[in-house]
Amino acid sequence: MADYAQVPTLVYLVTGGCGFLGEHIVRMLLEQEPRLRELRVFDLHLSSWLEELKAGPVQVTAIQGDVTQAHEVAAAMSGSHVVIHTAGLVDVFGKASPKTIHKVNVQGTQNVIDACVQTGTQYLVYTSSMEVVGPNIKGHPFYRGNEDTPYEAVHSHPYPCSKALAEKLVLEANGRKVNGGLPLVTCALRPTGIYGEGHQVIRDMYYQGLRFGGRLFRAIPASVEHGRVYVGNVAWMHILVARELEQRAALMGGQVYFCYDKSPYKSYEDFNMEFLSPCGLRLIGAHPLLPYWLLMLLAALNALLQWLLRPLVLYTPLLNPYTLAMANTTFTVSTNKAQRHFGYKPLFSWEESRTRTIHWVQTMEGSAW
Ligand SMILES: NC(=O)c1ccc[n+]([C@@H]2O[C@H](COP(=O)([O-])OP(=O)(O)OC[C@H]3O[C@@H](n4cnc5c(N)ncnc54)[C@H](O)[C@@H]3O)[C@@H](O)[C@H]2O)c1
Ligand SMILES: C[C@@H](CO)CCC[C@@H](C)[C@H]1CC[C@H]2[C@@H]3[C@H](O)C=C4C[C@@H](O)CC[C@]4(C)[C@H]3CC[C@]12C
């Protein structure tokens with residue numbers, strides 16, 4: 001994969017390529033990877049926008065498939081050079097059962113690794129998560145930490161547990177011999193909370209604010225800081241890692257990298273207001289309007305209601321004990337490991353990331369703009 005000016009020869013496969021992050025990776029690969037001959041997009045649900053990509057010079061192959069089905073993954077992967085495994089069940093609201101989350105995130109990842117070995121695919125980039133580290137169940141802050149910062153990573157929620165297990169599988173697979181005898185080279189990227197065009201929670205908060213007459217009510221102290229990263233920069237990191245893995249296998253193989261950029265550290269609510277206030281929403285209150293003990297009570301009540309109503313209806317509110325704990329725990333990253341190892345620099349500045357996200361909110365259906 002060394003000569004970037006060659007005739008395009010490479011075949012990439014992106015699992016979860018129709019998701020929020022996956023779509024950005026797919027579109028950016030087509031723009032930024034000149035060596036690409038074929039791009040396979042593997043997803044449980046294929047999106048209609050894939051059709052428009054098929055008109056370009058790179059062959060785009062849409063594959064409807066399930067990562068929990070080993071034979072489907074292996075069939076899709078046969079003949080590919082690089083796999084970017086971003087498919088996953090992102091669920092901290094109780095929409096899916098712990099068993100399903102484990103099956104998709106852990107068994108699905110094992111299937112991708114096995115398929116690499118079986119088909120001789122040598123390079124695997126895995127989208128992990130900051131939640132592999134924390135915030136932990138004790139609510140310990142992680143302040144401007146990097147990949148080597150000691151932190152007690154203890155999880156109880158099915159989503160971070162599944163991401164931690166899957167990341168371990170990926171890292172342990174580094175060096176395993178694939179079909180043909182060459183070693184598998186793996187790497188895991190850990191985004192902090194991603195934002196940008198297509199972000200579901202920002203969309204939900206925007207509509208919630210519109211329902212409340214353009215107001216959102218502060219629940220989290222402004223002093224709690226979260227690391228956030230623009231989706232375009234996360235996609236860019238995936239593309240760079242995939243590109244550099246061959247040349248720098250000894251350095252990068254089996255490594256983890258936080259995904260970061262120049263987005264400011266703010267509370268989850270204050271950060272989202274960076275996009276929502278230019279769209280007409282206001283965050284009411286300089287301090288949380290309800291005391292923490294009452295929020296905890298409401299979160300516990302929501303969890304109880306979810307459990308009681310489960311046989312009848314899926315009740316999945318934003319506020320639950322886990323999201324409240326996350327939103328109340330400082331978790332910020334400050335590192336330059338990606339720059340040192342593979343020359344990463346954010347492709348989008350904070351101003352650009354913000355402008356793009358605001359524009360996306362303003363063009364949403366039912367928008368006040
Ligand atoms: N959104 C974030 O803030 C964030 C932060 C850190 C890490 N991540 C990780 O990034 C990845 C992508 O997250 P996202 O926010 O784009 O989520 P998303 O839900 O928008 O995308 C996930 C995609 O995976 C697909 N998928 C789910 N189950 C599948 C299966 N069984 N087989 C094949 N495809 C399946 C979905 O259809 C979807 O298109 C996930 O692995 C997630 O854990 C997300
Ligand atoms: C109590 C509410 C009052 O407004 C605020 C709730 C906010 C929560 C819904 C979000 C706070 C932190 C978010 C998570 C974080 O950004 C990191 C994540 C990692 C990623 O792998 C998946 C998404 C998420 C878990 C993200 C989900 C939403 C929050 C819990």
Side-chain angles (χ1 to χ4, degrees), residues 14-26 41-47 63-69 72-73 76 84-93 95-96 100-101 103-105 107-109 111-112 126-135 157 159-160 162-164 166-167 188-196 198-202 204-205 208-209 216-221 224 226-231 234-235 238 258-259 267-273 283 285 288-290 292 295-296 298-299 302 316-331:
V14 181
T15 72
C18 294
F20 163 51
L21 172 61
E23 176 175 353
H24 286 265
I25 294 176
V26 163
V41 182
F42 181 97
D43 204 299
L44 201 51
H45 307 289
L46 294 179
S47 306
I63 306 169
Q64 195 274 323
D66 184 342
V67 288
T68 68
Q69 302 303 311
E72 293 184 8
V73 182
I84 298 181
H85 176 42
T86 200
L89 248 182
V90 186
D91 183 17
V92 292
F93 305 114
K95 291 178 185 161
T100 309
I101 293 175
K103 196 171 169 196
V104 174
N105 293 353
Q107 187 57 50
T109 302
N111 290 344
V112 170
Y126 172 62
T127 316
S128 181
S129 169
M130 73 174 203
E131 282 190 84
V132 162
V133 180
H157 193 278
Y159 173 72
S162 71
K163 294 302 283 186
E167 184 189 270
L189 293 180
R190 294 172 173 169
T192 55
I194 308 175
Y195 69 93
H199 189 268
Q200 189 59 45
V201 181
I202 295 183
D204 292 348
M205 283 189 165
Q208 195 182 72
L216 286 166
F217 301 95
R218 187 185 290 280
I220 309 297
V224 177
H226 275 250
R228 303 292 294 272
V229 59
Y230 177 61
V231 66
V234 180
H238 282 72
F258 277 122
C259 296
S267 79
Y268 198 78
E269 291 170 330
D270 286 295
F271 189 85
N272 288 346
M273 289 317 288
L283 183 62
L289 295 184
L290 298 176
Y292 187 62
L295 277 173
M296 267 171 63
L298 290 173
N302 272 341
T316 57
L318 201 61
L319 180 69
N320 64 44
Y322 181 74
T323 56
L324 182 63
M326 271 209 87
N328 267 286
T329 308
T330 287
F331 198 98

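Nothing fancy with the numbering, it's 1 onward along the sequence. One-based numbering, in listed order, for ligands and for the atoms of each.
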Provide the number and element of each atom of ligand 2 under 4.0 Å from a heavy atom of [X].
{"X": "Thr323", "value": "30 (C)"}
{"X": "Val90", "value": "22 (C)"}
{"X": "Ser129", "value": "19 (C), 20 (C), 21 (O)"}

* **Exercise check, heavy-atom protein proximity under 4.0 Å to atom 2 (C) of ligand 2** =>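 Within 4.0 Å: no protein heavy atom nearby.
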* Counting both backbone and side chain atoms, is some N or O of Arg228 under 3.5 Å from an N or O of ligand 2? ->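 No; every N/O pair is 3.5 Å or more apart.
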What protein heavy atom sits nearest [atom], and how far away is it?
{"atom": "atom 15 (C) of ligand 2", "value": "Met326 CE, 3.7 Å"}
{"atom": "atom 4 (O) of ligand 2", "value": "Glu269 OE2, 2.7 Å"}
{"atom": "atom 27 (C) of ligand 2", "value": "Val92 CG2, 3.9 Å"}
{"atom": "atom 20 (C) of ligand 2", "value": "Glu131 OE2, 3.4 Å"}
{"atom": "atom 28 (C) of ligand 2", "value": "Tyr268 OH, 3.9 Å"}
{"atom": "atom 5 (C) of ligand 2", "value": "Ala327 CB, 4.3 Å"}

* Asked: Does at least one non-hydrogen atom of Gly108 fall below 4.0 angstrom from an atom of ligand 1?
  ->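 False for this residue.
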* So, does Thr127 sit close enough to ligand 1 that a heavy atom of it is under 4.0 Å from the ligand? ->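 Thr127: in contact with ligand 1 (<4.0 Å).
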* Proximity to ligand 1 by part of Tyr195, non-hydrogen separation under 4.0 Å ->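 Within the 4.0 Å criterion, Tyr195 makes no contact with ligand 1.
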* For the residue pair Phe331 and Phe258, does the interplanar ring angle fall in the parallel (under 30°), tilted (30 to 60°) or perpendicular (over 60°) class? ->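 Phe331 vs Phe258 ring planes: perpendicular.
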